[in-house]
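Below is one structure; the comments refer to it alone.
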Amino acid sequence: MAQQTQEETFKKIVAHCKEYGFVFPSSEIYDGLGAVYDYGQNGVELKNNIKRYWWDSMTLLHENIVGIDAAIFMHPTTWKASGHVDAFNDPLIDNRDSKKRYRADVLIEDQIAKYDEKIEKEIAKARKRFGDSFDEEMFVETNERVKELKNKREALHARFAKAMNDNNLDELKQIILDEEIVCPISGTRNWTDVRQFNLMFSTEMGSTADGAMKIYLRPETAQGIFVNFLNVQKTGRMKIPFGIAQIGKAFRNEIVARQFIFRMREFEQMEMQFFVRPGEELKWFEHWKQFRLKWHKALGLGDEKYRFHDHDKLAHYANAATDIEFLMPFGFKEVEGIHSRTNFDLSSHAKYSGKKIEYFDPELNQSYTPFVIETSIGVDRMFLSVMCSAYEEQALAPNGQIDKEGSAGNAGDTRVVLHLPPVLAPVKACIMPLVKKDGLPEKAREIMNELKFDFKVAYDEKDSIGKRYRRQDAVGTPFCITVDHDTEKDGCVTVRYRDTMLQDRVRIEELHEIIRKATDPKELYRKIVGDSLEDSEE
Ligand code: GAP
């Protein structure tokens with residue numbers, strides 16, 4: 001098969017999402033709405049499975065984590081207290097020639113990534129040249145070109161981090177000029193000054209005649225948890241350490257909205273705030289970093305696709321923060337943030353509301369404002385990372401099986417397959433009668449009617465069996481179950497596996513256990529928990 005660039009692959013994934021009912025542009029008949037998307041019939045199943053996997057990993061695996069579902073609208077003072085009214089800004093810059101607007105920090109981050117790419121290229125070239133005797137560490141330390149690139153990269157990185165921490169907009173612009181960063185559209189360096197732009201959407205509640213109140217669409221779900229801290233702690237008789245989990249919509253007026261559902265204006269978050277004793281927060285920060293990474297890795301998308309990225313610029317509320325990044329076709333990108341938020345939010349809500357928001361710790365016999373570790377993951381970004389790693393255009397040998405040796409060249413056929421983790425797959429199995437007669441459809445429906453109480457299953461009798469298999473491959477269905485003329489006699493069906501394309505003859509009574517074993521999240525929870533559960537209940 002001809003090699004394609006990552007950009008081409010990504011375009012195909014976006015097209016695939018639309019063609020197979022995963023993601024549609026919002027209000028598409030009116031040409032869509034920028035950075036807003038709808039999930040289709042398969043997308044919503046996949047999304048719900050992601051949410052279920054997250055929710056249960058929090059609320060089932062931890063007896064000290066409970067969930068809530070807070071409203072999107074909140075009292076406007078919430079956002080004053082949280083700091084979002086004053087500080088939830090992006091530094092923006094316009095190119096005067098293309099009239100395009102960019103985030104200044106993103107332009108500089110992309111420039112840093114370019115240095116990284118150049119260094120990687122030098123290393124790859126040398127590895128090819130020296131073969132087995134290549135010593136990468138020594139090469140990086142001694143090669144003049146790599147040393148120069150590394151120095152430039154480190155200097156830029158340090159300058160950028162300082163400018164962001166100091167909120168120095170003039171310096172951000174100067175970096176862009178000094179690095180000779182050009183607008184990707186016009187190719188020029190005709191930049192405006194950098195200025196701050198608040199990302200919150202606002203609307204009005206109540207009629208204008210009565211004096212309407214300006215309220216915000218929440219830019220994070222976390223504040224719904226903070227303002228309910230006392231409600232949950234008291235009614236649930238929760239003892240520190242404990243957590244509150246929530247899944248819900250969040251809204252941000254993103255200026256640079258790109259890469260499909262990676263950066264949206266309306267999106268969904270899965271957040272958990274874990275309340276701990278002051279002074280113990282960094283221990284818990286480390287604990288949650290490891291737990292969340294295990295949660296990701298248990299899905300089997302490839303351990304090498306994850307990395308931590310510590311923040312250079314800490315948000316106004318944090319004393320430690322890291323991202324879990326995933327290798328997308330457009331590079332390593334943030335999927336989840338883990339933040340040690342100190343006691344900033346609870347203290348600030350106490351100040352603005354005039355209410356005492358504290359916890360009496362019976363073991364210490366004292367009251368304090370708890371510190372908070374937050375794990376915050378975007379459902380849509382998680383969806384995108386799953387899709388990107390699942391999508392494959394696979395070469396097939398002339399016998400229709402996977403072309404492992406690559407011997408078919410362009411002569412063989414190809415199939416598009418989504419290797420979705422079976423736990424997340426929208427449809428777990430498709431039941432198919434070999435032909436549309438001889439009682440086979442009735443038998444197939446009988447099997448389906450039995451399985452449908454426990455699993456999302458589909459039925460398909462249209463077209464050749466090969467075409468039906470391909471349709472299921474394209475939406476990531478792990479099992480195809482075919483009823484044929486022998487089924488009535490031997491009580492068996494053919495199970496065809498999505499990833500290997502191999503087939504087994506199995507007894508009908510075994511189907512339930514085969515599907516359960518592959519799709520039951522419990523199997524993953526066991527992998528995640530290992531011996532770490534005991535720690536979390538300390
Ligand atoms: N409460 C903390 C918080 O909101 P964040 O790093 O701004 O932290 C957390 O967001 C996660 O929400 C991100 O890691 C990302 O997965 C998701 N997210 C943030 N902005 C997003 C956007 N515009 N579109 C899609 N997902 C987004």
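Note that ligands are numbered from 1 as they come in the structure, with each ligand's atoms numbered from 1 the same way.
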> ligand 1 versus R265, non-hydrogen atoms closer than 4.0 Å: side chain, backbone, both, neither?
Replying inline: neither
How far is [atom] from the closest protein heavy atom, and which atom is that?
{"atom": "atom 8 (O) of ligand 1", "answer": "H339 CE1, 3.6 Å"}
{"atom": "atom 2 (C) of ligand 1", "answer": "E374 OE1, 3.0 Å"}
{"atom": "atom 14 (O) of ligand 1", "answer": "E334 OE2, 2.5 Å"}
{"atom": "atom 16 (O) of ligand 1", "answer": "V335 O, 2.7 Å"}
{"atom": "atom 7 (O) of ligand 1", "answer": "R252 NH1, 2.8 Å"}
{"atom": "atom 12 (O) of ligand 1", "answer": "Q269 NE2, 3.3 Å"}
{"atom": "atom 9 (C) of ligand 1", "answer": "S376 OG, 3.0 Å"}
{"atom": "atom 17 (C) of ligand 1", "answer": "G378 CA, 3.7 Å"}

We want to know whether [X] and [Y] form a side-chain donor-acceptor pair, criterion being a heavy-atom distance below 3.5 angstrom.
{"X": "D361", "Y": "Y368", "answer": "yes"}
{"X": "E281", "Y": "N319", "answer": "yes"}
{"X": "T188", "Y": "N95", "answer": "yes"}
{"X": "Q223", "Y": "T78", "answer": "no"}

I need the atoms of ligand 1 closer than 4.0 Å to a non-hydrogen atom of [X], numbered in the order shown.
{"X": "G337", "answer": "14 (O)"}
{"X": "E336", "answer": "14 (O)"}
{"X": "F262", "answer": "24 (N), 25 (C), 26 (N)"}
{"X": "E271", "answer": "1 (N), 2 (C), 3 (C), 4 (O)"}

> So, are E336 and R292 salt-bridged, with charged N and O less than 4.0 Å apart?
Replying inline: yes
>> So that I can tick it off, tell me whether R265 and E254 are bridged by a salt bridge, with the cut-off set at under 4.0 angstrom between side-chain N and carboxylate O.
In response: no
> Below 4.0 Å from any atom of ligand 1, is there a heavy atom belonging to R341?
Replying inline: yes
Any N/O pair [X]/ligand 1 closer than 3.5 Å:
{"X": "F267", "value": "no"}
{"X": "M264", "value": "yes"}
{"X": "E220", "value": "yes"}

> Is the distance between the ring centroids of H62 and F291 under 6.0 Å?
Replying inline: yes
>> Would you say the rings of F332 and H309 are close, in the sense that their centroids are separated by under 6.0 Å?
In response: no
> Quick one: which of F267, F383, F24, Y37 gives a ring-ring contact (aromatic ring centres under 6.0 Å, His included) with F260?
Replying inline: Y37
> Between the main-chain N or O of V182 and the side-chain N or O of R189, is there a donor-acceptor pair closer than 3.5 Å?
Replying inline: no
